[in-house]
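Letters go in sequence order (proteins before strands), and every chain restarts at 1.
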Amino acid sequence: MNTILFIIQKEFIQVFRNRMMLPIIFVVPLVQLIILVHAATFEMKHIKVSVIDLDMSTTSRKLISKFEGSPFFIIKHTSFSDKLSEQEMKKGNVDMILHIPYGFERRLVKENQAKIQIVIDAINGASAGLIEAYSTTIILDFNREILVDFLSPTVLTATQDINVTTNYWYNPKLNYKTYMVPGILCLLVTIIAFILSGMNIVREKEIGTIEQINVTPIRKIQFITGKLLPFWIIALFELAFGLTLGKLLFNIPIIGSLWLIFLSAAVYIFVILGFGLLISTMTNTQQQSMLVSFFFMVIFILMSGLFTSIESMPEWAQKLDHINPIAYFIRIMRMVMLKGSNFHDIRDSFYSLVVYAIVSISFAVWRYRKVA
Amino acid sequence: MKRFTGFVIKEFYHIFRDYRTLLILFGMPAVQLLLFGYVLTNEIKNARIAIYDASKDEISRKISEKIISSGYFILEKNLMNYSQIGPTFRDGKIKLVIIFGSKFAEKLEREGKADIQILGDASDPNTANILVNYATGIINNYLISINAEQVPMRIIPEVRMQYNPELKGVFMFVPGIMAMLLMLICALMTSLSITREKELGTMELLLVSPLRPIQIIIGKVIPYVVLAFIDSCIILGMGKFVFGVPIEGNIVLLLAICLLYITMALSLGILISSITNSQQIAMTVSLIALLLPTILLSGFIFPVENMPVILQVLCYLMPPKYFITIIKAIMLKGNSFIYIWKESLILILFTLIFIMMAIKKFKIRLA
């Protein structure tokens, strides 16, 4: 037991003597929360529109002013030719073209329906989807309004109407930051734990100090525990720090129990530390270890549902996500923090993490050899 | 010259003997592109929903059927009462709950008005927004079909998705992964390989050799230029032949821009290595100062226009932003040089500044 304590002490001293360590521990979460949360946003606010109004009628003008009045759209450019508008889109000056053809109002009155064309710059599929959703909402609203304008009240009362009310639970204002903060906290814990553990043993290898430890009577399990515990504590501390910052800066809701958050985090960090150690024992230089960690981290993170929802992935990818610990942890964090899910709701993900932690740590211990 | 080639060969040996790194350097673009190309789509389909139908009559059933058969939704659960909604959402599977008011058909028939409530799980706000929109659209279409005789007057929007009709995620990932990987290989790997020589003490050996410092630096850099260039060709080729991402513009121009970006990243790498002495610091600096902005502040995934002004200003100081803009413009929009000369000029400026700073710093170290 004493041996472990000494190793822990040594690791802590090493971490804190490193000039770069303290800034990393405190600055990284700040930077991540402030920059990432603001940068990683799909909240579309200023969709730049180019309007081609060939009809110039009252209805077309009304429709355009509907777009103008919406907080999501800005009319940046008006023209009378498709070519000019498309050029603006090529330059990247507008995101959307609203094309109202000649004879729009006449057709609406005579034939009872008229078409308009919306062209969206879809290179970024996610924003294109949102732009489409926003503009169709406006047009649907407008459709209802013109009914009132054009039809006599007697006809109107004869029609059947379904009144659709929508309600957004847990996040009524659709604040994207609320959604991102839990995910980013996961990212923070993951990166810190992964880098610290992944670079650790390999560094001792590179400098040659691993030899000195190998010739001591320290047992494998003692050595690994001594290496892991300090990082585990640091990572948990980071989570607490990040949660406090998130609460203070963004006032994100923490509806569920804090204990549950930390319990899951405690298990999760072991998973990541195990992975880090495994990579550390399998590589020879820090450069290698860095690359391998980076490779896996990017894949895990992008597949974790942090930015795009897991449900819309193909089935094989969803199956692959069963072995992605980050996906489990992000799900747990979002559910507990935003929806107040209890242990019963998250038990599947939680038990998966427990199994994962046991597997990854024992694998790392097994892989570590005291012979260089 | 002979000495110099010898040195370059030594550097190539360094890289080729480290087969793990090599494997990752070539495997990474391929795997990432494959994965993201197939996995990350922004289309939302098969969202699980629950329906709470308090009236269970002909019309409410018809509407439910319409919603479920639309392809966007899968019915996971029929709820029996209102209080089940909270636990269902907390369980995490269900994204949307649709509630039909009681006596739905009767009300619609008699009063001409009936209520549907749509609840979205907005802990994921964008998905909720899009799904609610789909569902409302389906209900509206139904409404139009039952009112067909009386009030058909409506505007039909025809939406065209320009440049990327299927909303494939891969259209974003080809330029983005290129920007990220070239930055990783050029800036990170060069800075690590130079600081490594410093850390191991072999830099001394190189400096006392008859090679001139500039030759050492260029020799260090050449293998990475080759690697990076091959990688960008792999990404472009895979994008085109596997995922059908078009290359609308001039390919020579495209490759020239890649080379320009590679040079920029390399000079940045040299600058980093001349400032620090340890690999760990070089790595942390590269990771925080390079990769984070390349992924986040470049328009790779998140559009720059949506960010707050301060971050937008930051974005304009990030070289990858210009690179991604140019690549998208040439590849996807088929723009010619006239459209992108400004961005190219800025990239050249960045390169010159980094090289000048690196030279200045490097001389001091040698003295």
Side-chain angles (χ1 to χ4, degrees), chain A residues 20 38-43 46 90-91 112-129 132-133 136 139-140 143 147 158-171 174 176 179 286-288 290-291 295 308-309 311-313 317 334-335 338-339 341 345, chain B residues 20-21 24 28 39-42 44 90-92 108 112-120 122-128 130 132-133 136 139 143 147 150-164 167 169 171-172 192 279 281 283 296 302-303 306-308 311 328 332-333 335:
Chain A
M20 294 294 287
H38 284 112
T41 173
F42 277 123
E43 268 180 326
H46 310 289
K90 263 193 167 184
K91 282 187 200 154
N112 273 330
Q113 47 177 278
K115 285 181 179 166
I116 58 171
Q117 208 183 31
I118 291 172
V119 182
I120 300 171
D121 179 346
I123 290 178
N124 187 338
S127 13
E132 189 192 0
T136 39
I139 292 167
L140 280 180
N143 272 341
L147 282 185
T159 62
Q160 300 182 331
D161 191 15
I162 298 175
N163 184 21
V164 182
T165 44
T166 53
N167 233 321
Y168 294 101
W169 279 33
Y170 308 116
N171 187 359
L174 295 180
Y176 202 67
Y179 175 62
Q286 291 183 60
Q287 200 185 20
Q288 273 180 6
M290 228 292 308
L291 262 185
F295 177 68
T308 53
S309 76
E311 283 81 13
S312 50
M313 296 178 183
R334 280 192 179 142
M335 282 168 67
L338 305 180
K339 296 196 238 174
S341 300
D345 297 321
Chain B
R20 284 193 199 115
T21 309
I24 285 192
M28 189 142 60
V39 170
L40 301 187
T41 54
N42 297 303
I44 298 173
R90 276 203 297 277
D91 195 42
L108 196 64
K113 216 164 196 168
D115 292 310
I116 294 180
Q117 213 183 352
I118 302 177
L119 304 181
S123 60
D124 177 351
N126 277 345
T127 309
I130 290 176
V132 165
N133 231 296
T136 321
I139 295 169
L143 196 61
N147 283 328
Q150 288 111 323
V151 194
M153 185 190 271
R154 65 197 168 119
I155 299 166
I156 305 164
E158 275 181 338
V159 179
R160 189 172 86 215
M161 294 296 183
Q162 188 89 327
Y163 309 123
N164 181 7
L167 297 185
F171 279 57
M172 302 253 302
L192 281 187
Q279 287 189 67
I281 296 180
M283 210 164 49
L296 286 168
F302 301 101
N306 297 345
M307 300 174 190
L311 282 188
K328 277 183 186 164
L332 306 174
K333 299 186 181 175
N335 289 2

K.L.:
Taking side chain to side chain donor-acceptor pair (under 3.5 Å) as the definition, give me every residue that meets it alongside A:K90, ordered by chain and number, with sequence neighbours left out.
P.N.:
none
K.L.:
Output all residues satisfying side chain to side chain donor-acceptor pair (under 3.5 Å) with B:T127, sequence neighbours left out; order by chain, then residue number.
P.N.:
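So B:T127 forms a side chain to side chain donor-acceptor pair (under 3.5 Å) with B:D124.
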K.L.:
Count the heavy-atom pairs under 4.5 Å between each of B:K328, B:M307, B:K333 and chain A, then report the option with the highest count.
P.N.:
B:K333
K.L.:
Can you say whether A:E132 sits under 4.5 Å from chain B via the side chain, the backbone, both, or neither, judging by heavy atoms?
P.N.:
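Answer is side chain: those atoms of A:E132 sit under 4.5 Å from chain B.
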K.L.:
Examine whether an atom of A:I116 lies under 4.5 Å from a heavy atom of chain B, and if so say whether it belongs to the side chain, the backbone or both; otherwise answer neither.
P.N.:
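Both backbone and side chain of A:I116 come within 4.5 Å of chain B.
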K.L.:
Examine whether an atom of B:L332 lies under 4.5 Å from a heavy atom of chain A, and if so say whether it belongs to the side chain, the backbone or both; otherwise answer neither.
P.N.:
side chain
K.L.:
For A:I118, is it the side chain, the backbone, both or neither that has a heavy atom under 4.5 Å from a heavy atom of chain B?
P.N.:
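Backbone plus side chain of A:I118, per the 4.5 Å heavy-atom cut-off to chain B.
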K.L.:
Could you measure the distance from the OG1 atom of A:T136 to the CG atom of B:N133? Nearest 0.5 Å is fine.
P.N.:
4.5 Å
K.L.:
Side chain from CB out, backbone as N, CA, C, O: work out which of these in A:I139 comes under 4.5 Å of a heavy atom of chain B, or both, or neither.
P.N.:
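It is the side chain, since no backbone atom gets that close.
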